Undergrad: 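Below are the structure tokens for one structure; questions will follow.
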Amino acid sequence: MSNHLVAKKSVRMMCTLLVGAVWSGVALAADPALVVIASDTELKWGGCPAFMPKGCELAVLHGDPAKENTDVFLKIPGKSTVPMHIHTSAERMMLTAGELHLTYEGQPMSVLKAGSYAYGPAKRPHKAVCVSAKPCILFIAFEQPVDAIAVDAK
């Protein structure tokens with residue numbers, strides 16, 4: 001192989017490594033990895049909208065609730081009901097504690113136990129009952145800004 005081809009391959013390899021390093025730097029400059037446990041005493045729990053059951057709490061895990069792509073924990077007191085409501089965003093949920101009976105308008109009730117996943121389309125009315133004595137804790141990933149809007153049950 002000629003010196004010219006070797007030099008050309010070396011330059012190409014260095015460019016590839018440089019681009020990779022730049023992309024790695026971009027990845028490293030992004031949000032750090034995150035692990036959160038619902039029982040973490042460092043979590044900052046806040047109140048829920050007024051129509052939610054007394055004692056309901058929300059903790060932001062990642063993101064800004066006023067912007068897209070926010071993850072939260074929602075804590076619903078045991079033996080309480082979340083009235084019919086909607087979200088402008090779709091929501092992806094995983095129950096981490098308790099037993100929750102979830103009903104979407106026009107669909108049969110679903111029983112969620114710890115480890116259960118549920119998907120809720122945007123603007124689909126739904127309600128929930130935490131049937132366990134201890135609180136139900138849901139992880140929820142919102143695609144759009146976080147909201148909860150009470151609606152009249154039909």
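Please read all numbers here as calculations on a predicted model, not as lab measurements.
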Undergrad: Measure across Thr70 and Asp64 and return the closest heavy-atom pair with its distance rounded to 0.1 Å.
TA: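 Minimum heavy-atom separation between Thr70 and Asp64: OG1-O, 2.7 Å.
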Undergrad: Please report the shortest heavy-atom distance between Ala59 and Leu43, naming the atom on each side.
TA: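 Closest approach of Ala59 to Leu43: CB-CD2, 4.3 Å.
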Undergrad: Are the side chains of Val82 and Pro53 in contact, using a 4.5 Å heavy-atom criterion?
TA: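 In contact.
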Undergrad: How many angstroms lie between atom CG of Leu74 and atom SG of Cys56, to the nearest 0.5 angstrom?
TA: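 Rounded to the nearest 0.5 Å, the CG-SG separation comes to 4.5 Å.
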Undergrad: Would you mind reporting whether Met84 and Asp152 have side-chain heavy atoms less than 4.5 Å apart?
TA: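 SC-SC contact between Asp152 and Met84 ruled out.
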Undergrad: Val111 and Glu99: side-chain contact (heavy atoms from CB on, under 4.5 Å), yes or no, with the steps?
TA: CA-CA 7 Å; Val111 175; Glu99 181 176 322; 3.6 Å; yes
Undergrad: What is the minimum heavy-atom distance between Lys134 and Ser132, and which atoms define it?
TA: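 Heavy-atom minimum between the residues: O-OG, 2.9 Å.
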Undergrad: Surrounding CD1 of Ile37 (heavy atoms of other residues, nucleotides or ligands, distance under 6.0 Å), is the total greater than 12?
TA: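 Result for CD1/Ile37: open.
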Undergrad: I'd like to know if the side chain of Lys79 and the backbone of Val131 have a donor-acceptor N/O pair within less than 3.5 Å.
TA: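 At least one qualifying donor-acceptor pair exists.
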Undergrad: Using every non-hydrogen atom in the two residues, find where Phe73 and Val36 come nearest and quote the distance to one decimal.
TA: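 Closest approach of Phe73 to Val36, heavy atoms only: CE1-CG1, 4.1 Å.
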Undergrad: Decide yes or no for Val146 and Ile140: does some side-chain heavy atom of the first lie under 4.5 Å from some side-chain heavy atom of the second?
TA: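 No, their side chains stay 4.5 Å or more apart.
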Undergrad: Quick one: side-chain contact (heavy atoms from CB on, under 4.5 Å) partners of Ala141, sequence neighbours excluded?
TA: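 Partners of Ala141 by the side-chain contact (heavy atoms from CB on, under 4.5 Å) criterion, ordered by chain and then number, come out as Asp71, Arg92, Phe139.
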Undergrad: Between Pro145 and Ala66, which heavy-atom pair has the shortest distance, and what is it?
TA: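 Minimum heavy-atom separation between Pro145 and Ala66: CG-O, 3.4 Å.
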Undergrad: Carefully, step by step, assess Leu102 and His126 under the rule side-chain contact (heavy atoms from CB on, under 4.5 Å).
TA: CA-CA 7 Å; Leu102 178 63; His126 58 287; 4.1 Å; yes
Undergrad: Taking atom CE of Met109 and atom NZ of Lys127, what is their separation to the nearest 0.5 Å?
TA: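 It is 10.0 Å, given to the nearest 0.5 Å.
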Undergrad: Supply the atom-to-atom distance Phe142 CZ to Glu91 CD, rounded to the nearest 0.5 angstrom.
TA: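 Output value for this atom pair is 5.0 Å.
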Undergrad: Checking the side chain of Asn69 only, and the main-chain atoms of Gly63 only, is there a donor and an acceptor separated by less than 3.5 Å?
TA: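 Answer holds: no.
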Undergrad: Distance from Lys54 atom NZ to Ser80 atom OG, nearest 0.5 Å?
TA: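 The OG atom of Ser80 is 12.0 Å from NZ of Lys54, to the nearest 0.5 Å.
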Undergrad: So, does Thr96 use its side chain to make a donor-acceptor pair with the main chain of Ile137 at under 3.5 Å?
TA: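 Looks like yes, one N/O pair under 3.5 Å.
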Undergrad: Do Tyr119 and Ile86 share a hydrophobic cluster (ILVMFWY, side-chain heavy atoms under 4.5 Å, transitive)?
TA: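 No, Tyr119 does not connect to Ile86 through the hydrophobic network.
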Undergrad: Would you indicate whether the side-chain heavy atoms of Asp147 and His87 approach each other to under 4.5 Å?
TA: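 A side-chain contact under 4.5 Å exists here.
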Undergrad: Where the side chain of His101 meets the backbone of Ser110, is there a donor-acceptor pair that is under 3.5 Å apart?
TA: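 Such a contact is absent between His101 side chain and Ser110 backbone.
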Undergrad: Using side-chain heavy atoms (C-beta onward) and a distance below 4.5 Å, is Pro65 in contact with Val72?
TA: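 Sidechains of Val72 and Pro65: no contact.
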Undergrad: Given the rule that I, L, V, M, F, W and Y join up when any side-chain heavy atoms are under 4.5 Å apart, are Trp45 and Leu61 in one cluster?
TA: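 Shared cluster, yes.
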Undergrad: Provide the closest heavy-atom pair for Gly120 versus Tyr104 in the form atom of the first, atom of the second, distance.
TA: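 Scanning both residues completely, I find the closest heavy atoms to be CA-OH, 3.1 Å.
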